[in-house]
Number of protein chains: 2
Amino acid sequence: MGQEKYTAVQSGSIITPKGFSAGGLHCGLKKTDRHDLGAILCEVPAVAAAVYTTNVFQAAPLKVTRESLQNGRLQAVVVNSGNANACTGQQGETDAYTMRAEAAQQLGVAEQDVAVASTGVIGELLKMDRVISGIAGLPQRLSGEASGAEDFSQAILTTDLVKKEACVSVDVNGKTVTIAGAAKGSGMIHPNMATMLAFMTTDAVIEADDLQLLLRKATDTTFNMITVDGDTSTNDMLVAMASGLAENETLNPSHPDWAAFAAGFTYVCQVLAQAIARDGEGATKLVEVCVNGAVSDLSARAIAKTVIGSSLVKSAVFGADANWGRIIAAVGRAGEPVNPETVDIHIGDISVLEGSRPVVFDEDEALEYLKGDTVRIVVDLHQAEGQATAWGCDLTYDYVRINAAYRT
Amino acid sequence: MGQEKYTAVQSGSIITPKGFSAGGLHCGLKKTDRHDLGAILCEVPAVAAAVYTTNVFQAAPLKVTRESLQNGRLQAVVVNSGNANACTGQQGETDAYTMRAEAAQQLGVAEQDVAVASTGVIGELLKMDRVISGIAGLPQRLSGEASGAEDFSQAILTTDLVKKEACVSVDVNGKTVTIAGAAKGSGMIHPNMATMLAFMTTDAVIEADDLQLLLRKATDTTFNMITVDGDTSTNDMLVAMASGLAENETLNPSHPDWAAFAAGFTYVCQVLAQAIARDGEGATKLVEVCVNGAVSDLSARAIAKTVIGSSLVKSAVFGADANWGRIIAAVGRAGEPVNPETVDIHIGDISVLEGSRPVVFDEDEALEYLKGDTVRIVVDLHQAEGQATAWGCDLTYDYVRINAAYRT
């Protein structure tokens, strides 16, 4: 990742890059008094990019946000939690457009420069009176201080246990460029609750096409490499805004500092993605699966995702069981080219399989390692240079409890 | 399935078709005194066919069985449980060949007419002294009576709670042809335990190529449509033997009774497949997902398997929650052509989604239905004529308990 190229900003958040303020409040969509409506505002129209869920059933706010993004620009994002506005038909679309119009008016920006996102229950109409009065209260809650970002980060959560933030800075021809992000996502904990949402801000000067390219590439190796339960929501959305206020030379792939910027950008995505995996429903550990020596990076990704998604591997990690048989069974069913004679597997630093043959290892040492809060599994295929890393979590009683709970 | 064409044979089993005997005993591979070694013997060399796991890591007995099947003929099958003989290298292959040779000698058949199958722990060498003395005891245990089939069915189980058998008869130009099967499979309950095994016997006169074709086709809509946890074992094997002793006209796809034979054969596969799903690790219910109106049968299969494999859907069924949001989210991520505006969903007879819009339904009625031991979910896509049915089970605390238990 070239970690030397960027610097983590302690206590940084989405308002750290120049030009951004944020805020959140409780408008009444969640049953408790937790925040359920938030916004990010940029003091200038920001260059913007987004990626969306690949689910066929896309929620209404995604349609509206796609439309706003057509000009490659955003100045504000408005988000509600507690209701996904998905499978809500024509009325749902009307409601998403209304959210955009109200936010534009209250925040004093153009309607087509506002993105809309929702997360929560599928199939119920938004209580628009609450949303509208909530949006009216947003301007006075927006702040360029840490409290504004804190309120926003809380407002996008559903069943998440912790807020998820990251911030780094990069030197671009002598100017400090800052990149930050906030995300939510835990699975579907209250039935029909869904959605991973992530919002990134930067003050970099960059063209929309290059930002989109970078966002897509960073997503492939970070957000697209996590799984909690294999289910893709109808509302997933990742939006990035670049205010341009860092006054660096315009960044593009030929700029000498592009690699540093891309590394920092990807690092923020990775921190947020890992945080989502660690906060997966019922999870007690973060699990990291590295695949090396595959025929290609794409192939390595497919294998890593198969292993991280295996219910049997996830259960074994919960039980602190160094069960390499399940790991190799998952590798073998990934549908990718694998030489069945040359596979090595490590759990942490402990070698458990070498040349596809069992290694006698210290079970107590393995048990001790597997009881930790982060478990790393490394699979070496010894075929070529393809590599990938995926993140997930263990499968626990709490996952079943959370998801078997009755919906209403 | 054309159920009128064949007749279920009550109390029928793999020894009901003419020419077959079977048996089983305890040789010491399982820790308890349950049977762990079994055999099926045909009094004449039988026409035979098989399908195997698609996992890259195939266990040693699969290699030996493939070699035996090259002549399209088998006279005996020898099976052990308690040890999968997988990831055991050269010694594992030698052991599988030894099992074949010993069984051939003791049962008085040609070595290349013996199939070998194993199921149990991955990565441990077989205790061959126990296997060999066990095989020596098999001839006196073989029986053409029900007790022989019972002993065999018990000998192939690992963590299964119940044995799985089915038997039907079909009229082929005035002769009664019988088709039967025995299977095992529950998931991977004691860590590293794996494997679905199924064995079918029939007395039909049929060519090996036609039997292979039928076996593959029947597998696609039955065994390949079940999932307990999405993990494909290294040892899956389905073997069919036809003794030819029913003296029917040779069956082939142009024979007027082929459809009846194929329907009966497929029905036996389906009963065994459903029994495996219902006996899935920790399962409290059989779940059936029917997809209609897809662009093709293949597309319908992919969608049905995505829904049946969704941890969120499985947890909701365990919790008796009519959570259609999770069903539609799974349909939408299957990667198949789906019109997001025209989907109907029924849970049992209860309509919960119509034209992709929520239907107000009686929650108490749904709860009552979902508390039953079989749950049927029907998804109508209204696009074309493609249809498929998949079977699985709910995701429960017991699944996690079973699979988080320490391996040794």
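In what follows, chains carry the letters A, B, and so on, assigned in the order in which the sequence lines appear, proteins first and then strands, with residues in each chain numbered from 1.
Counting heavy-atom pairs under 4.5 Å between each of A/Leu395, A/Ile328, A/Thr88 and chain B puts A/Ile328 at the top. Annotation: maximal heavy-atom pairing with chain B below 4.5 Å, among A/Ala316, A/Gly309, A/Gly355, A/Gly89, occurs at A/Gly89.
For B/Glu336, the part sitting under 4.5 Å from any heavy atom of chain A is the backbone (N, CA, C, O) and nothing else. Heavy atoms closer than 4.5 Å to chain B are found in the side chain of A/Val343, but not in its backbone.
A/Leu381 pairs with exactly one of A/Val291, A/Val295, A/Asp344 by the side chain to side chain contact (heavy atoms under 4.5 Å, CB included) rule, that one being A/Val291.
Side-chain contact annotation: B/Thr119 with B/Lys184, donor-acceptor N/O pair under 3.5 Å present.
Residue pairs that meet the salt bridge (charged side-chain N to carboxylate O under 4.0 Å, His left out) test with at least one member in residues 351-361 of chain B, sequence neighbours left out, are B/Glu341-B/Arg357.
Shown here are the ring pair (Phe, Tyr, Trp, His ring centres under 6.0 Å) partners of A/Phe318, two or more places apart in sequence or in another chain: A/Tyr397.
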